[in-house]
Amino acid sequence: MLLQKTAKALEELQPGRRSLPLRERSVLLMADGRTEEQLQQVLGAQAGELIEQLIASGHLQRLAGQAAAPPPQAPSMAPAAAKESSPPGPAATLNLAGTRMYLFDMCERMFANRHEDKAQVLRHLLREARDLEALQAAALQLLQTVQEHAGDERADALRERLRHLLPQEAATAQGV
């Protein structure tokens, strides 16, 4: 079954609202439109327990009767070849917003205390990322900076997470 954020979850994810621990907030950021199994693949064995807690607390709900999204494809670094003509739906918008918040969090955790100049540049890129292409560019810059300062292994782990966060076609097109 697919998971969906409730109004309570969206309120929790607003700036300045921090009643849940970081791990639960991470689950909320990634939950919308994904199955429990997909979240467990990304977040590990503890995800099932966290999902149950978030459902019990009213932050998440299960959507029955809908097929799960196909598993993500392998990323590439090629630009998007074709764009769909229809505007993104609410799930895509929430996905982009959640991904943007996740990238802000990674920027703060990795660079705010040690490399303030890099953090400022990344913050600016993320603040200005209002569409998919801008978010992809900001994510790519963050990945390059992470690779430069924390190594290939850390950058690959972040790339894998982003592949699960971005909409399917965007993650494939960007190489994120």
Side-chain angles (χ1 to χ4, degrees), residues 5 9 12-18 20-35 37-47 50 69-84 88 91-176:
K5 294 177 194 140
E12 168 66 28
L13 294 173
Q14 293 296 315
R17 311 265 176 150
R18 299 257 194 281
L20 292 175
L22 182 60
R23 190 77 171 157
E24 282 86 348
R25 288 177 59 83
S26 297
V27 171
L28 285 179
L29 285 172
M30 294 186 277
D32 232 9
R34 290 189 167 66
T35 64
E37 293 79 23
Q38 288 172 325
L39 285 177
Q40 286 178 347
Q41 288 175 349
V42 174
L43 298 172
Q46 286 183 323
L50 294 174
Q73 298 174 354
S76 70
M77 292 304 265
K83 295 185 183 259
E84 292 183 20
T93 303
L94 286 175
N95 232 357
L96 292 178
T99 302
R100 188 170 166 218
M101 289 175 65
Y102 175 75
L103 291 172
F104 266 115
D105 184 52
M106 291 306 298
C107 173
E108 291 303 308
R109 283 202 238 170
M110 296 190 77
F111 302 113
N113 293 333
R114 292 180 224 135
H115 304 284
E116 181 59 32
D117 56 329
K118 302 252 185 219
Q120 286 287 32
V121 170
L122 292 168
R123 281 187 210 116
H124 177 73
L125 286 173
L126 290 167
R127 256 186 237 113
E128 297 302 315
R130 305 260 187 246
D131 60 10
L132 180 59
E133 292 172 5
L135 186 63
Q136 288 173 334
L140 192 57
Q141 181 66 41
L142 178 66
L143 283 170
Q144 290 170 346
T145 307
V146 167
Q147 187 172 8
E148 179 183 322
H149 291 283
D152 292 336
E153 188 175 322
R154 181 72 173 164
D156 288 343
L158 180 57
R159 185 175 288 111
E160 184 64 24
R161 276 245 167 118
L162 290 174
R163 190 170 65 91
H164 293 284
L165 288 173
L166 286 172
Q168 178 63 40
E169 64 279 355
T172 303
Q174 178 61 25
V176 172

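FYI, the numbering just counts along the sequence from 1. Keep in mind the model is a prediction, meaning the values are calculated, not measured.
Side-chain contact between R161 and M106 is absent, with no heavy atoms from C-beta onward closer than 4.5 Å. Side-chain contact between L142 and F104: absent, with no pair of heavy atoms (C-beta onward) separated by less than 4.5 Å. Using a 4.5 Å cut-off on side-chain heavy atoms (C-beta onward), L143 and L162 make contact. Taking 4.5 Å as the limit, every side-chain heavy atom of L28 sits out of range of all side-chain heavy atoms of M101.
Q147 pairs by the side-chain hydrogen bond (donor to acceptor under 3.5 Å, both in side chains) definition with D152, not counting sequence neighbours. Looking at residues two or more places apart in sequence or on another chain, you find no salt bridge (Lys or Arg N to Asp or Glu O under 4.0 Å) involving R23.
Heavy atoms from other residues, nucleotides or ligands lying under 6.0 Å from CD of E116 number more than 12. In this structure, N113 places its CG atom where only 12 or fewer heavy-atom neighbours from other residues, nucleotides or ligands lie under 6.0 Å away.
Nearest heavy atoms, A129 versus A134: CA-CB, 3.6 Å. Closest approach of E24 and L50 over heavy atoms only: OE2-CD2, 3.4 Å. Across all non-hydrogen atoms, the minimal contact from R100 to R127 is NH2-O, 3.0 Å.
Partner of Q141 under the side chain to side chain contact (heavy atoms under 4.5 Å, CB included) criterion, chosen from L122, L126, V146: L122.
Taking CG from L135 and CG from L103, the interatomic distance works out to 6.0 Å, rounded to the nearest 0.5 Å. From R25, atom CZ reaches atom CG of L22 across 8.0 Å, with rounding to the nearest 0.5 Å.
The ring pair (Phe, Tyr, Trp, His ring centres under 6.0 Å) analysis of residues 129-160, with sequence neighbours excluded, yields the pairs F111-H149, H115-H149.
The backbone N or O of L140 lies less than 3.5 Å from no partner atom in the side chain of R159, so there is not a single donor-acceptor pair. In this structure, E12 contributes its side chain and L20 its backbone to a donor-acceptor pair below 3.5 Å.
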